[in-house]
Amino acid sequence: MRAFDWIVVVAYLVWIIYDGLRRSKGTDKVDGYFLANRSLPWWAVGLSVMATQMSAVTIVGTTGQAYLTGLRFIQFYLGLPLAMIILSLTVVPFFTRAKVYTAYEYLERRFDARTRSLASFLFLMGRAASLGVTLAAPAVVMSTILGWSLPVTVFAICVPMIFYTTLGGVQAVAWTDVKQMFVVVFGMSAAVVILLMGIFEHATFGQAMHLAGATGRLQAIDFRFDLRETYTFWSGMIGGLFLMLSYFGCDQSQVQRYLTAKSVDEARQSLMMSAFVKIPLQLLILTTGVLVFVYYLFQAPPMLFNRAYDAQVASSAQAPAYAALQRDFDAEIAMRGSAALRSDRDAFLASDARVKDIRAKAADVVKDVTGDQRYNDVNYVFPTFITTRMPIGLVGLMIAAIFAAAMSASGGELNALATATVIDFYRRHFVKEATDAHYLMVSKAATMGWGLFACVVAMYAANQGSLIEVVNRYGSFFYGSLLGVFVLAIVTKRATARGAFYGLITGMIVVLIVAFTTPIAFLWHNLIGTVVVVVAGMAISMLEAQPAGRSQASP
């Protein structure tokens, strides 16, 4: 990066932090700090909801995912529109009118304190782990660009995010999210233009799409019903539906967003914005990843995008073997490019397969030399393109967009973690009667504490594969079971406190067993968790009610 790019990055970050704090009025009380006094307009809430999902994980992880596998990840979101409609008609008015701070408060009203505490605890664990992954994405980018160690990079990103979230509360987060969405969309659109200009120097749009289609990267929908396949039409429509219902209906980081809206109608409108805009935005990002693949058919890519271990490999006994792989790779890239220009489909696919094989062997060499068996390449694809192929100024803007995306998404999750900690645990179980000033002080301390915890998780998350998959795998351990207990609370009148509590525990146990002992794809874990909690909860509730029923029937 050049000096002007750094000026763009620093100027943008200073501006969003300053403007976020400037807009954070009325945060001297708990209601203002956690819920913005329920005063935000629907469009700001809607953009904030989408910004929480449009994190740096999305920009870095999804583009890398599309570079490798194409558009099929879009199936993950097929259940989103239906989920938003269902939630707009049910949960949104329910929680808004209940005047709760957290979704889990209602569980105590409906069941008991232990069910509320367990559900809130599961949220805290799942969201804190996911937050670490959200922070890992920009750390990957900056560690690659600057050559910094991952811990230093993580803390460089965390400090400003923790600062403005701690001081400004949810209002600072929401208004930062609004700006972030516009910058991300503009930056990704600019990247698409640069990619197309580079591609059109060698091929027409039709030829480019033919090459991408030949490798299967344009196959967006897979109608096979296979529980082992992560992304299919059915996993997206069914498993994805349950994931979205639980994420937007039971996850405090999302519930808290629409609780800040002025009214029920505005809260509904904020969710419907996601229903209609999220999939086109996701297609933009996935298309960018596919275009990066096509772009590198005509421009020589690195053998491995993750260059963190180059020096270590070069000084090892494996250096000659690695150099030989590099020569083979360069020759094969030339052959693949020639076949692409000739539109020779068979030669192109054969050469592309050999390129994949060489890259896999190179990754094995890195793993052997470094001992890092978690080494991966996918999250480095788009950052490499940004820093080596985009023009001056736009490089800074894209890095700023990734920074802002990480901070905005992480800030909202951080605020939600603090809310659940203070409302569901500290105020409920430890200090039940205190001033707003006291709870506000504790809230800020909780925000800083969770921020530091997430930083530690981030240091271990960067090398676990595609970040966009990692964050959703973490969430799928918890989301289905949480949705199940809310179904028991809202839909089933006969469910008892004991049934809800032990049903939730049963659901978690079953999901963990399925996740670690079967090949069933993680999207189905959400459906499994929901069904198990509802069935187990109702069974326990009915068994608990039987003695009372027989007693009443006796003369």
Side-chain angles (χ1 to χ4, degrees), residues 13-14 16-40 48 51-52 100-105 117 120-121 123-132 134-135 154-177 180 251-257 259-260 403-404 406-458:
L13 294 179
V14 169
I16 63 168
I17 292 172
Y18 165 76
D19 194 57
L21 293 176
R22 182 178 65 85
R23 291 176 178 270
S24 58
K25 299 176 181 178
T27 57
D28 55 340
K29 294 185 178 181
V30 172
D31 199 62
Y33 189 78
F34 287 142
L35 298 180
N37 297 307
R38 308 178 196 266
S39 63
L40 297 182
S48 183
T52 305
V100 294
Y101 284 97
T102 76
Y104 317 110
E105 282 184 83
S117 297
S120 185
F121 176 78
F123 158 73
L124 291 174
M125 293 301 98
R127 182 48 55 198
S130 298
L131 175 56
T134 303
L135 291 170
V154 167
F155 279 103
I157 295 166
C158 282
V159 169
M161 181 268 296
I162 295 173
F163 175 74
Y164 79 78
T165 304
T166 301
L167 293 181
V170 74
Q171 287 209 64
V173 170
W175 291 113
T176 300
D177 288 348
Q180 181 255 88
D251 189 296
Q252 178 62 21
S253 66
Q254 297 304 306
V255 173
Q256 189 165 342
R257 287 298 199 279
L259 289 178
T260 63
F403 261 166
M407 292 181 184
S408 294
S410 303
E413 294 176 351
L414 201 55
N415 189 257
L417 287 166
T419 305
T421 301
V422 173
I423 300 300
D424 291 328
F425 290 96
Y426 185 78
R427 195 173 75 171
R428 173 62 183 83
H429 296 290
F430 300 102
V431 181
K432 298 183 179 181
E433 298 293 337
T435 64
D436 259 17
H438 174 82
Y439 289 127
L440 192 61
M441 178 188 67
V442 175
S443 300
K444 292 181 178 181
T447 302
M448 288 189 286
W450 280 115
L452 294 175
F453 175 83
C455 290
V456 174
V457 175

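The shown structure was predicted, so the numbers you read here are calculated from the model rather than taken from an experiment.
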Sub-4.5 Å side-chain heavy-atom contact between [X] and [Y]:
| X | Y | answer |
| --- | --- | --- |
| R428 | Y104 | no |
| T102 | V255 | no |
| Y439 | Y33 | no |
| F425 | L124 | yes |
| V422 | Y101 | no |

State, to 0.1 Å, how close [X] and [Y] come at their nearest heavy-atom pair, and which atoms those are.
| X | Y | result |
| --- | --- | --- |
| A418 | T447 | CB-OG1, 3.3 Å |
| S120 | D424 | OG-OD2, 2.9 Å |
| G32 | V170 | O-CG1, 4.1 Å |

Within a 6.0 Å radius of atom CZ on F121, are there more than 12 heavy atoms belonging to other residues, nucleotides or ligands? no

[atom1]/[X] to [atom2]/[Y] distance, rounded to the nearest 0.5 angstrom?
| X | Y | atom1 | atom2 | answer |
| --- | --- | --- | --- | --- |
| T176 | Q171 | OG1 | CD | 11.0 Å |
| S443 | I423 | OG | CD1 | 6.5 Å |
| M161 | L414 | CE | CG | 5.0 Å |
| T165 | M448 | OG1 | CE | 11.5 Å |
| N415 | R257 | CG | CZ | 7.5 Å |
| L40 | L35 | CG | CG | 9.5 Å |

Passing candidate, side-chain hydrogen bond (donor to acceptor under 3.5 Å, both in side chains) with E413, options Q254, Q252, R127: R127

Determine, step by step, whether T260 and F34 satisfy the side-chain contact (heavy atoms from CB on, under 4.5 Å) criterion, reporting the C-alpha distance in whole Å, the side-chain angles of both residues, the deciding distance to 0.1 Å, and the verdict. CA-CA 8 Å; T260 63; F34 287 142; over 6 Å; no

Check the angle between the aromatic planes of W450 and F453 and answer parallel, tilted or perpendicular using the 30° and 60° thresholds. perpendicular

What residues, two or more places apart in sequence or in another chain, satisfy side-chain hydrogen bond (donor to acceptor under 3.5 Å, both in side chains) together with T166? none

